[in-house]
Amino acid sequence: MAESKKLLVLVFAAMVSSLEAYVFYAGGHDGWVVDPAESYNHWAERNRFQINDTIVFANGEGADPVLLVTEPDFDACNTGNPVRRLEDGGGGRSEFRFDRSGAFFFISGDEDRCQKGKKLYIIVMAARPTRPALAPAPGSPPPLWASAPEYGQAPGMSVGDEAMSRSSSLEAPPPTAGAARLDGVITGAVLGVLGALVL
């Protein structure tokens with residue numbers, strides 16, 4: 001019985017940690033094609049990727065594979081030594097889940113298509129707490145251990161400008177509309193698991 005409780009806690013913790021995961025489609029509207037309307041790297045710069053997010057490469061049936069490569073292989077479009085070859089999950093779609101922060105480099109498995117721009121690099125942001133700490137009550141003095149100012153100043157702005165913001169509220173914007181939320185699906189799965197265990 002103790003083992004099943006430990007398993008339940010682990011499953012629940014894993015599901016809760018992935019509540020904020022998003023699914024991105026490489027290239028947005030165009031998908032993973034040779035000549036997209038917007039470059040892949042520009043598309044990636046407009047999005048914020050975090051640990052546990054997933055990227056989907058929609059190739060179409062029988063298309064070239066997607067390769068995860070090192071930065072030098074990315075720059076040279078070297079398809080001969082991939083870190084990982086993404087398998088077609090059916091329907092010409094390959095998926096990859098980001099399991100750490102840092103840089104990820106993807107290229108087409110067809111060297112000629114890679115040379116024509118079918119490659120993408122993504123920077124995954126470091127993990128951060130899901131809930132910011134509560135701010136002190138207005139008018140209360142800062143705690144003795146506080147070393148950072150309560151307000152951050154935007155570059156080029158003087159004190160008193162409207163551009164002042166709480167440094168604790170500086171967060172990346174949410175992903176674009178091309179990203180789908182998984183929290184509803186995961187919440188349903190958590191409730192289903194918990195219901196099955198109670199019965």
Side-chain angles (χ1 to χ4, degrees), residues 13-60 63-90 92-132 148 152 154-155 165 167-183 186:
M15 289 181 164
V16 169
S17 70
S18 64
L19 283 178
E20 290 297 316
Y22 287 87
V23 174
F24 293 89
Y25 289 85
H29 300 294
D30 293 337
W32 186 240
V33 297
V34 173
D35 190 22
E38 176 182 29
S39 79
Y40 290 113
N41 294 330
H42 186 263
W43 170 82
E45 289 170 1
R46 292 188 304 104
N47 291 286
R48 299 292 178 259
F49 300 91
Q50 295 186 354
I51 297 170
N52 291 326
D53 285 347
T54 299
I55 186 162
V56 176
F57 296 89
N59 276 340
D64 51 305
V66 179
L67 306 177
L68 175 66
V69 296
T70 63
E71 186 174 5
D73 287 343
F74 175 85
D75 293 336
C77 283
N78 179 8
T79 61
N81 191 28
V83 173
R84 182 171 165 194
R85 180 186 178 106
L86 304 186
E87 297 300 322
D88 185 339
R93 295 168 42 115
S94 301
E95 296 183 7
F96 181 82
R97 187 180 66 82
F98 299 108
D99 58 354
R100 61 171 176 81
S101 61
F104 291 84
F105 301 91
F106 300 96
I107 64 173
S108 167
D110 179 318
E111 194 170 319
D112 183 52
R113 290 181 179 177
C114 177
Q115 294 290 346
K116 291 179 180 173
K118 198 171 178 184
K119 60 186 192 173
L120 165 68
Y121 72 89
I122 291 176
I123 305 297
V124 176
M125 299 181 339
R128 63 176 178 258
T130 56
R131 294 194 176 146
S165 64
S167 58
S168 64
S169 67
L170 292 177
E171 291 189 23
T176 61
R181 291 190 58 90
L182 293 177
D183 56 349
I186 294 173

Task: Heavy-atom check, side chain of I51 versus side chain of D99, under 4.5 Å - done: no

- [ ] Output the distance between atom NZ (K118) and atom CG (D112), rounded to the nearest 0.5 Å.
- [x] 11.0 Å

Open item on the list: Check whether Y121 reaches the backbone of Y40 with its side chain - one donor and one acceptor, N or O, closer than 3.5 Å.
Closed with: no

Task: Full working for side-chain contact (heavy atoms from CB on, under 4.5 Å) between T79 and L67 - done: CA-CA 7 Å; T79 61; L67 306 177; 3.8 Å; yes

- [ ] Assign the ring pair F24 / F49 to parallel, tilted or perpendicular, where the plane angle (0 to 90°) is split at 30° and 60°.
- [x] tilted

TODO: Applying side chain to side chain contact (heavy atoms under 4.5 Å, CB included), name anything that partners R93, two or more places apart in sequence or on another chain.
DONE: Y25, V56, E95

TODO: Starting at CZ of R113, measure out to OG of S108 and round the result to the nearest 0.5 Å.
DONE: 6.0 Å

Open item on the list: Counting C-beta onward and ignoring hydrogens, is there a side-chain heavy-atom pair between F57 and L120 closer than 4.5 Å?
Closed with: yes

- [ ] Look up atom CG in D88 and atom CG in L86, then write down how far apart they are to the nearest 0.5 Å.
- [x] 10.5 Å

Task: Test item: K119 side-chain N/O and F74 main-chain N/O as donor-acceptor pair under 3.5 Å - done: yes

Open item on the list: Test your reading of the model: is there a side-chain donor-acceptor pair from D73 to the backbone of P82, 3.5 Å cut-off?
Closed with: no

- [ ] Evaluate the side-chain proximity of N78 to V69: yes if any heavy-atom separation is below 4.5 Å, no if none is.
- [x] no

Task: Nearest atoms (heavy-atom pairs only) where I55 meets A26 - done: CD1-CB, 3.9 Å

- [ ] Return each pair, listed once, that meets salt bridge (Lys or Arg N to Asp or Glu O under 4.0 Å) where at least one residue sits in residues 26-38; pairs must be two or more places apart or across chains.
- [x] E38-R46

Task: Atom CZ of R85 with >12 non-hydrogen neighbours under 6.0 angstrom - done: no

Task: Spatial distance of atom CD1 (I123) from atom CG (N47) [nearest 0.5 Å] - done: 13.0 Å

Open item on the list: How long is the straight-line distance from OH of Y22 back to CG of N52, given to the nearest 0.5 Å?
Closed with: 13.0 Å

TODO: Report yes if the distance between the aromatic ring centroids of F104 and F96 is under 6.0 Å, otherwise no.
DONE: yes

